[in-house]
Amino acid sequence: MPSDSEAANPLAIMEYISTRGGAAPLDFEQVTLAGLAGDGGLYVPSHWPKLAEGDIADMASLSYSEVAVRVMKPFVGDVLSEGELRDLCDKAYGRFAHKAVTPLVQLDGQHWLLELFHGPTLAFKDVALQLLGLLFEKFLARQDKHLTVVGATSGDTGSAAIDALAGREKVDIFMLHPDGRISDVQRRQMTTVLAPNVHNIAINGSFDDAQAMVKRMFADEQVMDRFAISAVNSINWARLMAQIVYYFYAASRLGAPHRKVAFSVPTGNFGDVFAGYVAAQMGLPVERLVVATNVNDILHRALRKGDYSADTVTPTAAPSMDIQISSNFERLLFDLEGRDGAKTAARMKAFEESRDMQIAPEMLEKAAAIFTSERVDPDSMTLAMSQAQEDSGQVIDPHTAIGLSAARSADIDPSVPIVTLATAHPAKFRDAVERATGMRPALPRRIGDLFDREEACDKLPGDYDAVKAFVTTHATAANG
Ligand SMILES: *Cc1c(COP(=O)(O)O)cnc(C)c1O
């Protein structure tokens, strides 16, 4: 258990350990540049730092960047000075098209939207990746090292990572996406970035196939020995860290710490909602976290019945949630196991073989203290979109609609405000929005010419060796 003195001393050194207990601890700089831990696990902080009630109360009057520094400093430790961290946050969030960075919009007496899509690529992934790009640049300059980023995207991570890294020195990015399974806006936001350090790869397969190939590359010594390979998926700790901030930002504006707030989170890889869990561990009074899934409902089955068994992926209008294996769930399982790395390793190894895991009732009970889940079918999603428009004049995207529909179904005390995370701009999924509401959202001016730009993309079969050959041919060695 973290001691009280940590609240008074946020500069206490923070170490990062693997969920599978078999990798040496890292500091914040190392964990930012690392991907998966060498033992196949995910890095987590060695303990959850606590913020005092007074610190949370003060946030109500701070800017987004200021809140970001207060929330992230305990995780960064002394790897960056407060001034350096502040500069990076100002730079990252200065690129957002809204002065509040992540504005809250009221829908009715109980429901709010937290608009996370005002960054350069129109989805919440920008909030973390704009900062991560700057952290990479800073740390690579210090270490005089070349980094190769390899990632898989169900649409939004890819464009956000590419925008954050295009043209930056000492880094190449290889981004795999499932061919034909992302929206045309999502694809073009990646393939029209023609910087020479950006490599788009369309894989014949699903997002899970692409993600499995990336995971395999992290365990492939032939690749890892020559290249410094890093991740921009939410397995990267720094990404999750940056997402904790907006839970504090929103809740402090709705009366926290004196009033509890609930959040509904459209969920795929369990990264965004895990950040909400971390906010609660840090002392934010979170009434409930609603894990909203679409028909790809492994997390819903897991949290309701303990059945974490992977099915095949069904493509939907909310492609960023068309995921069956949610990597960050391992971080929660680690906590639910009492932070026992050996037990988590055994559990995950068994799951990797059988694609099936049963979660014990004691563990489920612990999870139920904060998480609830809801599965939203396509009709309810469509209804949420048309209702938001009719009742509150808000045009929302399919992912946000799943979050909002789940927020309305969840059993939450009517006096508690519920914030649904609006994870994408409606223009990013205009076909689906048009089908539901009859309105076709316009692209914001800053990307208005997206469909006139030239595209570049390599198509590869859903085959690990082909992807490995492509990456090793085009990447620069760590010391190159
Ligand atoms: C990535 C994404 C999600 C899912 O977030 P996770 O962190 O993977 O759970 C939801 N909505 C949108 C628009 C996204 O891009």
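Every number for a ligand or one of its atoms is a count from 1 in the order of the listing. Please read all numbers here as calculations on a predicted model, not as lab measurements.
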Open item on the list: Quick one, F117 and T102 - any side-chain contact, counting heavy atoms below 4.5 Å?
Closed with: no
For residues 209-218, dump all side-chain donor-acceptor pairs below 3.5 Å to protein atoms at least two apart in sequence or in another chain.
| residue | atom | partner | partner atom | Å |
| --- | --- | --- | --- | --- |
| D209 | OD2 | S206 | N | 2.9 |
| D209 | OD2 | S206 | OG | 3.3 |
| Q211 | OE1 | N269 | ND2 | 3.3 |

Open item on the list: With a 4.0 Å cut-off on N to O distance, would you call E455 and R187 a salt bridge?
Closed with: yes
TODO: Kindly say whether the aromatic ring centers of F96 and H118 come within a distance under 6.0 Å.
DONE: no
- [ ] List, ordered by chain and residue number, the protein residues whose closest non-hydrogen atom lies under 4.0 Å from any atom of ligand 1.
- [x] F124, K125, D156, P266, T267, G268, N269, F270, G271, D272, S320, H399, T423, A424
Task: Sidechain N-carboxylate O distance under 4.0 Å for D179, K459 - done: yes
Task: Electrostatic pair R435-D431, nearest N-O below 4.0 angstrom - done: no
